[in-house]
Amino acid sequence: QNLHVPILLGSLLISVSILSYGFIPYPLLIAFMCAFEGVGCSAVYPCANAAMVQSVDDRFKGRVLGIFNSARTAGNFLGSIINGYLFAFITVLPFIINCSVMIIAGIVATVCIIKYKNLIK
């Protein structure tokens, strides 16, 4: 029922990990932060899937998951291209932008779930 909590916390963990990649010079610490990012991902995606499945009719459950996964894949692909260009300007900028986008996405998802819960009460 409280799907917004792991989505927000997982998004914050991922965003902090992404932000740290631009500033940490040591590979061992980066690997340690990758573990945190993995924890964040394992919290966000199952809860995001569950939230979307609960919010649509039975006829659209497969479609909404397909749309979500397609959008996530396209976002990762476009993000890797855009980040490649951003690296030419400044090394830390792509990590700051990714961190900001992840925090905004987590907050938007949390607000949407809370509004949906209040709507069905």
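Since the model is a prediction, treat every value here as computed from it, not as a measurement.
Residue pairs meeting the side chain to side chain donor-acceptor pair (under 3.5 Å) criterion with at least one partner in residues 95-109, sequence neighbours excluded, are absent. Contacts classified as ring pair (Phe, Tyr, Trp, His ring centres under 6.0 Å) and involving residues 51-88 (residues at least two apart or in different chains) are given here: F87-F95. Screening residues 104-115 for side chain to side chain donor-acceptor pair (under 3.5 Å), with sequence neighbours left out, gives no hits. Applying the salt bridge (charged side-chain N to carboxylate O under 4.0 Å, His left out) test to pairs two or more places apart or on separate chains, those with a residue in residues 37-57 are D57-R59.
Taking all atoms of both residues into account, the shortest heavy-atom contact from G106 to S11 is CA-OG, 3.4 Å. The two residues P25 and P27 make their nearest non-hydrogen contact at O-CD, 3.7 Å. Here the closest heavy-atom approach between residue I30 and residue I24 is recorded as CD1-O, 3.6 Å. Taking every heavy atom of both residues into account, I14 and G40 meet most closely at CD1-C, 3.7 Å. Listed here is the closest heavy atom pair of C99 and I18: N-CG2, 4.0 Å. Between C41 and P46 the shortest heavy-atom distance is O-CD, 4.0 Å.
Open room surrounds CG on L28; 12 or fewer heavy atoms of other groups in view lie less than 6.0 Å from it.
No path of Ile, Leu, Val, Met, Phe, Trp and Tyr side chains, each step under 4.5 Å between heavy atoms, connects V92 with I103, placing them in separate hydrophobic clusters. No continuous path of hydrophobic side-chain contacts links L19 to M33 [ILVMFWY only; heavy atoms under 4.5 Å]. Residues Y21 and V44 fall within the same hydrophobic cluster, defined by Ile, Leu, Val, Met, Phe, Trp and Tyr side chains chained together at heavy-atom separations under 4.5 Å. A single hydrophobic cluster is seen to contain both V101 and I90, as judged by linkage of ILVMFWY side chains at heavy-atom distances under 4.5 Å, directly or through other members.
Here the CE-CG distance, from M52 to L3, works out to 10.5 Å after rounding to the nearest 0.5 Å. A distance of 12.0 Å separates CD1 in I7 from CG in L12, rounded to the nearest 0.5 Å. The OG1 atom of T73 sits 11.0 Å away from atom CG of L78, with the distance rounded to the nearest 0.5 Å. Rounding to the nearest 0.5 Å places CG of L29 at 11.0 Å from SG of C34.
With sequence neighbours excluded, the residues forming a side-chain contact (heavy atoms from CB on, under 4.5 Å) with I82 are L86, listed by chain and number. Contacts of V108 classified as side-chain contact (heavy atoms from CB on, under 4.5 Å), with partners at least two apart in sequence or in another chain: I104, C112. For Y45, there are no ring-ring contact (aromatic ring centres under 6.0 Å, His included) partners at least two apart in sequence or on another chain. Partners of L13 under the side-chain contact (heavy atoms from CB on, under 4.5 Å) rule, at least two apart in sequence or in another chain, are F36, V39. For F23, the ring-ring contact (aromatic ring centres under 6.0 Å, His included) test picks out no residue, with sequence neighbours left out. Contacts of D58 classified as side-chain hydrogen bond (donor to acceptor under 3.5 Å, both in side chains), with partners at least two apart in sequence or in another chain: K61. Residues satisfying the side-chain contact (heavy atoms from CB on, under 4.5 Å) criterion with I67, sequence neighbours excluded, are absent altogether.
Under the 4.5 angstrom side-chain criterion for Ile, Leu, Val, Met, Phe, Trp and Tyr, the cluster partners of V5 are L9.
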